[in-house]
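Here the structure is laid out as structure tokens; the discussion comes afterwards.
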Amino acid sequence: MTTRDEKPLSVEQVDEVIARYPGRTGDVLSILETLQEMHPLKYLPPDTLKYVAERKGLALSNVFSVVTFYSFFNLRPQGRHTVMVCRGTACHTRGSKLLLDGLLTESGGSVNGDDASTSFTTPDHELTVRTVACFGQCALAPVVAVDEDIHGHMSDLKLRRMVRGIVKGEAKDENS
Ligand code: FES
């Protein structure tokens with residue numbers, strides 16, 4: 001199994017980002033957002049949160065409350081690719097749970113201890129699966145987003161093929 005580079009950001013990299021935002025507290029959000037974007041696995045490890053808190057003279061609990069309040073912060077490593085499965089009513093009645101279950105099976109059922117009913121990342125960090133409440137495209141149910149692209153009328157088979165394709169670096173659109 002291939003595993004993506006998990007090398008953490010260096011102290012120098014983190015210091016450089018902190019130096020961009022010299023205010024005491026107001027820019028912590030921007031610092032954390034930048035650090036997450038720079039991390040190869042697009043998340044904020046505990047050591048990074050602790051270091052930022054120390055450098056900014058904040059309690060760790062304050063920094064932690066910021067990253068848990070905003071849903072765009074990730075506290076776990078993220079996959080290279082993301083599949084968002086809609087779990088709204090229209091998509092649910094048209095089988096979105098089957099899509100989610102299919103992706104879980106495709107990942108081998110091993111999901112790094114996440115709650116697989118709503119979100120998981122494969123151990124090789126190739127794929128993160130999340131659920132959303134509604135894409136606003138209910139007429140196309142069931143709907144998924146594969147990386148930035150929305151796909152309607154999705155089937156379990158088609159989605160699994162699509163995911164295999166993007167993980168292998170093939171085209172995302174697959175007519176099958
Ligand atoms: S319920 Fe899935 S797009 Fe609206």
Side-chain angles (χ1 to χ4, degrees), residues 1-9 13 32-49 64 66-176:
M1 174 173 49
T2 59
T3 302
R4 293 174 58 208
D5 182 12
E6 294 192 43
K7 200 172 90 178
L9 298 177
Q13 285 175 298
L32 295 171
E33 200 174 353
T34 304
L35 291 173
Q36 175 170 288
E37 190 55 36
M38 287 170 60
H39 195 288
L41 297 178
K42 303 292 181 228
Y43 85 117
L44 293 164
D47 286 353
T48 299
L49 298 179
F64 196 72
V66 170
V67 295
T68 52
F69 181 80
Y70 294 100
S71 61
F72 56 81
F73 284 123
N74 303 313
L75 297 177
R76 290 178 186 274
Q78 299 298 293
R80 183 193 309 272
H81 300 283
T82 303
V83 175
M84 312 268 276
V85 178
C86 180
R87 293 291 288 129
T89 304
C91 289
H92 176 76
T93 56
R94 289 179 177 253
S96 67
K97 180 69 164 59
L98 290 176
L99 302 181
L100 204 53
D101 290 346
L103 291 173
L104 186 57
T105 302
E106 190 72 28
S107 77
S110 179
V111 294
N112 280 346
D114 292 328
D115 176 2
S117 66
T118 56
S119 168
F120 62 86
T121 297
T122 55
D124 60 3
H125 301 128
E126 284 295 334
L127 183 70
T128 289
V129 176
R130 293 183 177 176
T131 58
V132 295
C134 179
F135 282 113
Q137 306 271 343
C138 309
L140 301 178
V143 181
V144 301
V146 179
D147 292 330
E148 294 82 30
D149 301 327
I150 300 274
H151 301 267
H153 304 304
M154 187 51 66
S155 71
D156 174 48
L157 184 61
K158 185 174 176 182
L159 182 57
R160 289 211 224 182
R161 283 182 181 167
M162 195 178 287
V163 165
R164 277 182 220 138
I166 61 168
V167 167
K168 286 183 196 162
E170 297 166 4
K172 282 184 245 176
D173 280 317
E174 193 174 301
N175 297 316
S176 61

task: Give a yes or no answer on whether the side chain of His81 reaches the backbone of Ile166 with a donor-acceptor pair at less than 3.5 Å.
output: yes

Checking the side chain of Ser96 only, and the main-chain atoms of Cys86 only, is there a donor and an acceptor separated by less than 3.5 Å? yes

Between the CD atom in Glu33 and the CG atom in Leu44, the distance rounded to the nearest 0.5 Å is 10.0 Å

CD of Glu106 to CG of Leu103, rounded to nearest 0.5 Å, is 7.5 Å

Is there a donor-acceptor pair closer than 3.5 Å between any side-chain N or O of Asp156 and the backbone N or O of Leu99? no

CG of Asp124 to CZ of Arg80, rounded to nearest 0.5 Å, is 9.0 Å

By side chain to side chain donor-acceptor pair (under 3.5 Å), Thr128 pairs with (sequence neighbours left out) Thr121

Paired with Val146, the side chain to side chain contact (heavy atoms under 4.5 Å, CB included) test is passed by just one of Leu127, Val163, Leu159, namely Leu159

Residues at least two apart in sequence or cross-chain that pass side chain to side chain donor-acceptor pair (under 3.5 Å) with Arg130, listed by chain then number, are Asn74, Gln78

Validation row: Thr48, Leu9 side chains within 4.5 angstrom (heavy atoms): no

Nearest heavy-atom approach of Ala141 to Cys91 is CB-SG, 3.6 Å

Distance col, row Ser107:OG vs Glu126:CD, nearest 0.5 angstrom, shows 13.0 Å

**Asked** Is Val129 close to Thr122 at the side-chain level, that is, under 4.5 Å between some pair of heavy atoms?
**Response** no

Can you confirm whether Gln36 sits close enough to His39 that some side-chain heavy atom of one is under 4.5 Å from a side-chain heavy atom of the other?
no

- Item | 4.5 Å side-chain heavy-atom contact, His151 and Lys158 | no

Salt bridge (charged side-chain N to carboxylate O under 4.0 Å, His left out) filter on Asp101, not counting sequence neighbours, yields Lys97

Sorted by chain and number, sequence neighbours left out, side chain to side chain donor-acceptor pair (under 3.5 Å) with His92 holds for Arg87

Taken in chain and number order and not counting sequence neighbours, the residues that satisfy side chain to side chain contact (heavy atoms under 4.5 Å, CB included) with Thr68 are Phe64, Leu75

A side-chain contact here means heavy atoms from C-beta on lying under 4.5 Å apart; do Leu49 and Leu32 qualify? yes

Sequence neighbours excluded, the answer for side chain to side chain contact (heavy atoms under 4.5 Å, CB included) partners of Leu98 is none

Taken to the nearest 0.5 Å, the spacing of Met154 CE from Arg160 CZ works out to 13.0 Å

Distance col, row Ser155:OG vs Arg94:CZ, nearest 0.5 angstrom, shows 13.5 Å

Those residues at least two apart in sequence (or on a different chain) that pass ring pair (Phe, Tyr, Trp, His ring centres under 6.0 Å) with Phe72 are Tyr70

Residues passing the side chain to side chain contact (heavy atoms under 4.5 Å, CB included) test with Leu140, sequence neighbours excluded, are Gln137, Val143, His153

